[in-house]
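Quick notes on the structure that follows.
Residues take their numbers from the sequence shown, with the count starting at 1.
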Amino acid sequence: MGRVEQRERTRAELLAVSRRLFATRGYAAVGLAEIVREAGVTKGALYHHFEGGKTDLFRAVLAQVQDEVGRTVATTAGAETDPWDRLLAGCRAFLTASTDHAVRRIMLLDGPAVLGWSEWRAMDEGGSARHLADALTTLVEAGVVVPQPVAPLARLLSGAMNEAALWLAESGDPADLDAVLTALFRMLAAMRA
């Protein structure tokens, strides 16, 4: 195995171990010594890949999770031909993905706490929030949604879905997902022209 492959393998192992530990116990309860021990690497190797240590490692794990959720939402929404159905499918996919314990812990709880609200929000806007704004822009331009500024609408809807995702994760009742989706879809229906 060449040096490049070894570096990529080490980085991937650090990410996989960290993701599992952060998802299981949370960022604050996981130490660097545990991460490097379980990954089978030295602290020097960790700092080679993640100069800022545990915070940079967490940032990379969060980016992975956000990217996966964003791809799931985009793929699910993209399967619909009607723009309105695309929005509903994307919202459903986001809320469903957010019920996963690891996604909830890393993306919704620890993300803003570890990186701060501004950085977390900037990362979120690079993924699923951008898709939401694009979908709403399409709907406003097509006259499906009452003409209005998209930026505040996208933030309001994103915030509502993040809060709903947190509530779903804490409720533990699978039937609550249907209740949230029903309430969300009623709220969205009020926006239609």
Using the ring pair (Phe, Tyr, Trp, His ring centres under 6.0 Å) criterion, which residues pair with [X]? Sequence neighbours excluded.
{"X": "Trp84", "result": "none"}
{"X": "Phe94", "result": "none"}
{"X": "Phe58", "result": "Phe22, Tyr27"}

List the atom of [X], the atom of [Y], and the distance in Å for their closest heavy-atom pair.
{"X": "Leu177", "Y": "Leu168", "answer": "N-CD2, 3.4 Å"}
{"X": "Val61", "Y": "Ser18", "answer": "CG2-CB, 4.1 Å"}
{"X": "Thr72", "Y": "Ala93", "answer": "O-CB, 4.3 Å"}
{"X": "Val180", "Y": "Ala164", "answer": "CG1-CB, 3.7 Å"}
{"X": "Leu62", "Y": "Gly111", "answer": "CD2-CA, 4.1 Å"}
{"X": "Leu108", "Y": "Ala165", "answer": "CD1-CB, 3.6 Å"}

Open item on the list: Arg192: which residues meet the salt bridge (Lys or Arg N to Asp or Glu O under 4.0 Å) condition with it, sequence neighbours left out?
Closed with: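 For Arg192, no residue satisfies salt bridge (Lys or Arg N to Asp or Glu O under 4.0 Å) once neighbours in sequence are set aside.
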- [ ] For Glu68, check salt bridge (Lys or Arg N to Asp or Glu O under 4.0 Å) against everything at least two apart and list the hits.
- [x]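 With neighbours one apart ignored, the set is Arg19.
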Just wondering, do [Y] and [X] contact through their side chains at under 4.5 Å, heavy atoms?
{"X": "Thr99", "Y": "Arg104", "result": "no"}
{"X": "Arg59", "Y": "Glu119", "result": "yes"}
{"X": "Leu153", "Y": "Met191", "result": "yes"}
{"X": "Thr42", "Y": "Tyr47", "result": "no"}
{"X": "Leu132", "Y": "Leu136", "result": "yes"}
{"X": "Leu87", "Y": "Val145", "result": "no"}
{"X": "Val69", "Y": "Val73", "result": "yes"}
{"X": "Met187", "Y": "Leu157", "result": "yes"}

Open item on the list: Same cluster or not: Val150 versus Val146, using hydrophobic residues (I, L, V, M, F, W, Y) connected whenever any side-chain heavy atoms lie under 4.5 Å apart?
Closed with: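 Unlinked, Val150 and Val146 end up in two clusters.
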- [ ] Answer yes if Leu156 and Leu88 sit in the same cluster of Ile, Leu, Val, Met, Phe, Trp and Tyr residues linked by side chain heavy atoms under 4.5 Å apart, and no otherwise.
- [x]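 In one cluster with Leu156: Leu88, no.
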Task: Salt bridge Arg71-Asp67, side-chain N to carboxylate O under 4.0 Å - done: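 The answer is yes: the pair qualifies as a salt bridge.
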Open item on the list: With a 4.0 Å cut-off on N to O distance, would you call Glu34 and Arg25 a salt bridge?
Closed with: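 Here Glu34 pairs with Arg25 in a salt bridge, since their nearest N and O are under 4.0 Å apart.
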What is the distance from atom [atom1] of [X] to atom [atom2] of [Y], rounded to the nearest 0.5 Å?
{"X": "Asp110", "Y": "Arg105", "atom1": "CG", "atom2": "CZ", "answer": "4.5 Å"}
{"X": "Phe50", "Y": "Leu15", "atom1": "CZ", "atom2": "CG", "answer": "4.0 Å"}
{"X": "Leu57", "Y": "Glu51", "atom1": "CG", "atom2": "CD", "answer": "13.5 Å"}
{"X": "Leu188", "Y": "Leu181", "atom1": "CG", "atom2": "CG", "answer": "10.0 Å"}
{"X": "Asp176", "Y": "Thr182", "atom1": "CG", "atom2": "OG1", "answer": "11.0 Å"}
{"X": "Thr10", "Y": "His49", "atom1": "OG1", "atom2": "NE2", "answer": "5.0 Å"}

Task: Check: Lys43 side chain, Gly53 main-chain N or O, donor-acceptor pair, under 3.5 Å - done: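 Checked: no pair found.
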Open item on the list: Taking Ala154's backbone N and O only, do any of them form a donor-acceptor pair with Ser158's side chain (distance below 3.5 Å, no angle check)?
Closed with: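 No; zero donor-acceptor contacts below 3.5 Å.
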Task: side chain to side chain contact (heavy atoms under 4.5 Å, CB included) between Glu13 and Glu38, intermediate numbers included - done: CA-CA 9 Å; Glu13 184 64 18; Glu38 289 203 25; over 6 Å; no
Open item on the list: Run Leu109 and Leu166 through side chain to side chain contact (heavy atoms under 4.5 Å, CB included) and show every step you take.
Closed with: CA-CA 8 Å; Leu109 295 176; Leu166 286 168; 3.5 Å; yes
- [ ] Check step by step if salt bridge (charged side-chain N to carboxylate O under 4.0 Å, His left out) holds for Arg86 and Asp82.
- [x] CA-CA 6 Å; Arg86 209 172 298 134; Asp82 178 75; over 6 Å; no
- [ ] Kindly state each residue pair satisfying ring pair (Phe, Tyr, Trp, His ring centres under 6.0 Å) with at least one member in residues 117-139, sequence neighbours excluded.
- [x]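 As it turns out, the ring pair (Phe, Tyr, Trp, His ring centres under 6.0 Å) pairs with a partner in residues 117-139, which skip direct neighbours, are Trp117-Trp120.
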Task: Stepwise side chain to side chain contact (heavy atoms under 4.5 Å, CB included) check, Val17 with Val36 - done: CA-CA 9 Å; Val17 166; Val36 296; over 6 Å; no
